[in-house]
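For reference, the structure discussed in these notes is given below.
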Number of protein chains: 2
Amino acid sequence: MANHAGVGIGTVSRAINGSAGISAKTKRKIFESIEQLGYSPNQIARSMRSNKYKSIGFFVDISNVAFALIAKGIQSELDNSSYTLSLCDIGTSDVAGKITSFLESRKFDGIILSTPTENDDDLQKLFSKLNVPIVTLDRDVPGLVAGVVTDYFSSVKKATEYLLTLGHRGIALVGGTGKIRPTKVSIEAYKEAFREQGLAFDEGLILEGQFTNESGKMLMLNLLPKIKSGKVSAILSLNNQMFHGILESIRENQLEYPRDISIITVEDNELTKLLSPAITVIRRPLVTIGQSISRILIKYMEEPELYGKMPSAVVPTEFIVRDSCSLCK
Amino acid sequence: MANHAGVGIGTVSRAINGSAGISAKTKRKIFESIEQLGYSPNQIARSMRSNKYKSIGFFVDISNVAFALIAKGIQSELDNSSYTLSLCDIGTSDVAGKITSFLESRKFDGIILSTPTENDDDLQKLFSKLNVPIVTLDRDVPGLVAGVVTDYFSSVKKATEYLLTLGHRGIALVGGTGKIRPTKVSIEAYKEAFREQGLAFDEGLILEGQFTNESGKMLMLNLLPKIKSGKVSAILSLNNQMFHGILESIRENQLEYPRDISIITVEDNELTKLLSPAITVIRRPLVTIGQSISRILIKYMEEPELYGKMPSAVVPTEFIVRDSCSLCK
DNA sequence: GTGAAAGCGCTAACAT
DNA sequence: ATGTTAGCGCTTTCAC
C-alpha cells in the first residue's frame with residue numbers, strides 16, 4: 001500500500017487518520033491508491049496500537065423484547081459515527097460473570113448497561129477497574145453514571161389517579177424486584193397518588209416478584225382470593241413479562257377484564273393493542289431512549305473529562321387509556 | 001508476567017494455549033502466577049498474531065422478535081466454548097452495506113446469517129471474498145452453506161389440510177417475499193395439500209408482501225371484499241409481523257375470527273396464546289434452532305475441511321390447533 | 001511535510 | 001522442555 005502510493009507507511013497512517021502534518025496533495029494520492037487497491041486498514045492492528053476499538057457494547061437481557069427497539073435507536077445514532085454496536089446477552093443470572101467473559105475477549109470504547117439488579121457487588125468491582133465510559137439505562141448503580149432515566153413517575157401517578165378516579169381502592173402494584181429504579185420510582189408515584197387524595201394505601205398490595213411470566217402467575221395466585229372478595233379490583237403491572245402471566249391467570253380462572261378486574265401495564269406492544277379489550281398502558285419511547293443514551297455515550301467517549309458531569313437524559317412516558325379498566329363496582 | 005513466573009514469554013504462551021512442549025510443572029507454576037497477578041491475555045494481540053478472533057457474528061434483522069430466543073440458543077451452546085457472540089442488526093434494507101461495515105471493523109471466526117432476501121448479488125460478492133465459515137438460517141443463498149433448515153413443509157401442509165377439512169376452499173396464503181426458503185416451501189406445501197385432495201387452488205390467493213405490519217394490512221385491504229363475498233374464508237399467514245397487521249385489519253373492519261374468517265399463523269408467542277380466541281399456529285422451536293446452528297458452525301470452524309460437507313440440520317415444526325378456525329359456512 | 005524506526009502483546013519458528 | 005527472536009499491521013516519535 002505505502003509503496004504503491006510511493007510514500008512511507010507513517011504517511012499513510014496520517015492520511016487515514018486525518019492527522020495533522022500531511023499535505024493535501026499526498027493525501028489525495030494516498031486515497032487514490034486506497035481506492036485502487038481496495039485497501040482497508042486492519043482494525044485489529046489499529047486497536048492494538050491505539051487502544052481505540054471503534055466498538056460499543058450493549059449489555060442487556062435480550063429476553064425483554066423492548067431492547068430490540070432500543071438497540072435500533074442506538075444503532076441509528078451510531079450510523080453517523082464510526083462505532084459498531086455489539087449486543088451482548090447477559091440474561092438474568094450470573095450477570096457479572098457473563099460480562100466478565102465478554103470483556104475478556106472484546107474491548108469496547110464505551111458500554112451501555114441495563115442490568116436486572118442494581119446492587120451487584122461483583123458488577124461494581126468489575127466496572128470500577130474498567131477505564132471506559134459506562135452509562136446505565138434506567139438503573140441507579142452506585143459508582144456508575146446514569147445515561148437515560150425514564151420518567152415512570154408521572155405516568156404511574158397518572159395511572160394510579162385514573163384508577164382511583166374510577167373508584168378503585170384495592171389496587172395491586174405488581175413489579176419485579178423493587179431494587180431497580182423504575183420499580184422504586186413507580187412505588188413512590190403510587191403512594192403519592194393515594195396520599196394526595198387523602199387515601200390510605202395498603203402496603204400489602206405492593207408486590208414483588210421476578211421479571212417472568214411464571215412469577216406474574218404466582219403473584220396472581222395470592223391475589224385471586226382478594227379479587228374474588230372485592231378487596232382488590234385493579235392491577236397495575238410494572239413489567240410486561242409478568243403481565244403475560246397475569247393475563248394467563250385471569251384467563252385460566254375464568255375472570256374477565258375489565259369486568260372482574262381492571263388492569264394496566266407498562267410497555268406498549270402488539271399484544272396490548274390487539275387484545276380485546278385493548279390494554280391501558282404506560283408507554284416509553286423505546287427508539288428515543290436508544291438514541292438518547294447513544295448520544296450521551298458518544299459524548300463521553302469523545303470527551304472523557306465530561307464523564308459523569310452531564311445530566312442524565314430524562315425520557316418522558318405516556319399514559320394511554322384504552323379499555324382494560326372499568327368503574328369499580 | 002513471564003519474569004514473575006521466572007520463565008520465558010514463549011513458555012507462557014505455550015501454557016496459555018495448551019500447546020505441546022511444556023512440562024506439567026512449569027505449566028502449574030505459570031498458572032499460579034497468572035492467578036496471583038490477575039493476568040489475562042490481550043485478545044487483540046492474540047488475534048493479530050493468530051488470525052483467530054474467538055468471536056462469531058449473528059447477522060439478523062432484530063425487528064423479528066423470534067431472533068431473541070434463537071440467540072439464546074446460540075449463546076447456550078457457545079457457553080461451553082471460548083467463543084463470544086455478537087448480534088449485528090442488519091435491518092431489512094442495504095443489508096450488504098451494513099454487513100460490510102460490520103466486517104470492516106470486526107473479524108469473526110464464523111458467521112450465522114439470516115437475511116431478508118436470498119438473491120442479493122452484493123451479499124454473494126461480499127461473502128465470496130470472505131474466507132470464514134458462514135452458515136445460513138433458513139435461507140438458500142447461492143454459494144453459502146445452509147446451517148439450519150426449518151421444516152415448514154409438513155406443518156403448512158397439515159395446516160392447509162386442516163382448513164380444507166373444515167370446508168374452507170378460499171384460503172389466502174400470505175407471506176413476505178416469496179424469495180426466501182420458508183415461503184417457497186410453504187407455497188409448495190399449500191399447493192400439494194390442495195392437489196392431494198383433488199382440489200384446485202387459486203394462484204391469486206397466494207399473496208406476497210413485506211415482512212411488516214403495514215404490509216399485512218395492505219394485503220388485507222385487497223382481501224376484504226373477497227372475505228365479505230365469501231370467496232375467502234381463511235387466511236394462513238407465514239409471517240408474524242404481517243399477522244399483526246392482519247389482526248388489526250380484522251379488528252378495524254369489525255370482523256370477528258373465527259366467525260367471519262379463520263386464521264392461522266406461523267410463530268407462537270404470548271400474543272397468539274393470549275388472544276381470545278387463541279390462535280392456531282405453526283410453531284418452530286427457536287432455542288433448538290439456535291443450538292443446532294451453533295453446533296454446526298462450531299464444527300465448521302474447528303474442522304474447516306468439512307465446510308459445506310455436512311448436511312443441514314432439519315428442525316421440525318409443530319402445528320398447534322387452537323380456536324381461531326371454524327367450519328366454513 | 002515526510003520517511004524511518006520503535007513498539008503495542010502476543011504466537012510461531014528457531015535455537016539450545 | 002524452554003528461552004530467544006521475528007514479525008503480525010498499525011500509530012507515534014523522532015529525525016530530517
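Side-chain atoms are counted along with the backbone in the values below, which use heavy atoms only and exclude waters and symmetry mates.
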Please identify each residue that fulfils side-chain hydrogen bond (donor to acceptor under 3.5 Å, both in side chains) with [X], with sequence neighbours left out.
X      : value
B:T177 : none
A:T26  : A:S23
A:N64  : none

Residues of residues 8-19 of chain B with any non-hydrogen atom less than 4.0 angstrom from an atom of DNA chain C: list those, numerically ordered, please.
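B:I9, B:G10, B:S13, B:R14, B:N17, in order of number.
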Sorted by number, residues from residues 21-45 of chain A placing a heavy atom under 4.0 Å from DNA chain C are A:G21, A:I22, A:S23, A:T26
According to ring-ring contact (aromatic ring centres under 6.0 Å, His included), who are the partners of B:F108, at least two apart in sequence or on a separate chain?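 For B:F108 the ring-ring contact (aromatic ring centres under 6.0 Å, His included) partners, ignoring immediate neighbours, are B:F59.
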Within the 3.5 Å criterion, strictly below it, is a donor on A:D61 or A:S63 matched to an acceptor on the partner's side chain?
yes
- prompt: Below 4.5 Å, heavy atoms only, C-beta onward: do B:I9 and B:M1 meet side chain to side chain?
  reply: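 Side chain of B:I9 against side chain of B:M1, heavy atoms only: no contact under 4.5 Å found.
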A:S81 (side chain) donor-acceptor with A:L78 (main chain) under 3.5 angstrom |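 Side chain of A:S81 to backbone of A:L78: a pair is present.
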Going 5' to 3' along DNA chain D, between which two nucleotides do contacts with chain A fall, using a heavy-atom cut-off of 4.0 Å?
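Nucleotide range with atoms under 4.0 Å of chain A: D:dG9 to D:dT13.
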What are the two closest heavy atoms between [X] and [Y], and how far apart are they?
X      : Y      : result
B:G176 : B:F211 : CA-CE2, 3.5 Å
A:A71  : B:I62  : CB-CD1, 3.6 Å
A:A146 : A:T136 : CA-OG1, 3.2 Å

Terminal axes of the helix from C:dG1-D:dC16 to C:dT16-D:dA1 (5 end pairs apiece), angle rounded to 10 degrees, sit apart by 50°
Sequence neighbours excluded - side chain to side chain donor-acceptor pair (under 3.5 Å) pairs with any residue from residues 295-307 of chain B: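 Passing the test, one end in residues 295-307 of chain B: B:E77-B:R295.
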State whether B:D120 and B:K179 are salt-bridged, where the test is any N-O pair (Lys NZ or Arg NE/NH1/NH2 against Asp/Glu carboxylate O) under 4.0 Å.
no
Sequence neighbours left out, what pairs pass salt bridge (charged side-chain N to carboxylate O under 4.0 Å, His left out) with at least one residue falling in residues 137-151 of chain B?
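Pairs touching residues 137-151 of chain B that pass the test: B:D138-B:R284, B:D140-B:R181.
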Salt bridge (charged side-chain N to carboxylate O under 4.0 Å, His left out) pairs touching residues 100-111 of chain A, sequence neighbours excluded, are none
Footprint ends on DNA chain C, 5' to 3', for atoms under 4.0 angstrom from a heavy atom of chain B, come out as C:dG9 to C:dA13
**OP:** Evaluate whether atom CD of B:Q124 has more than 12 neighbouring non-hydrogen atoms of other residues, nucleotides or ligands under 6.0 angstrom away.
**Re:** yes
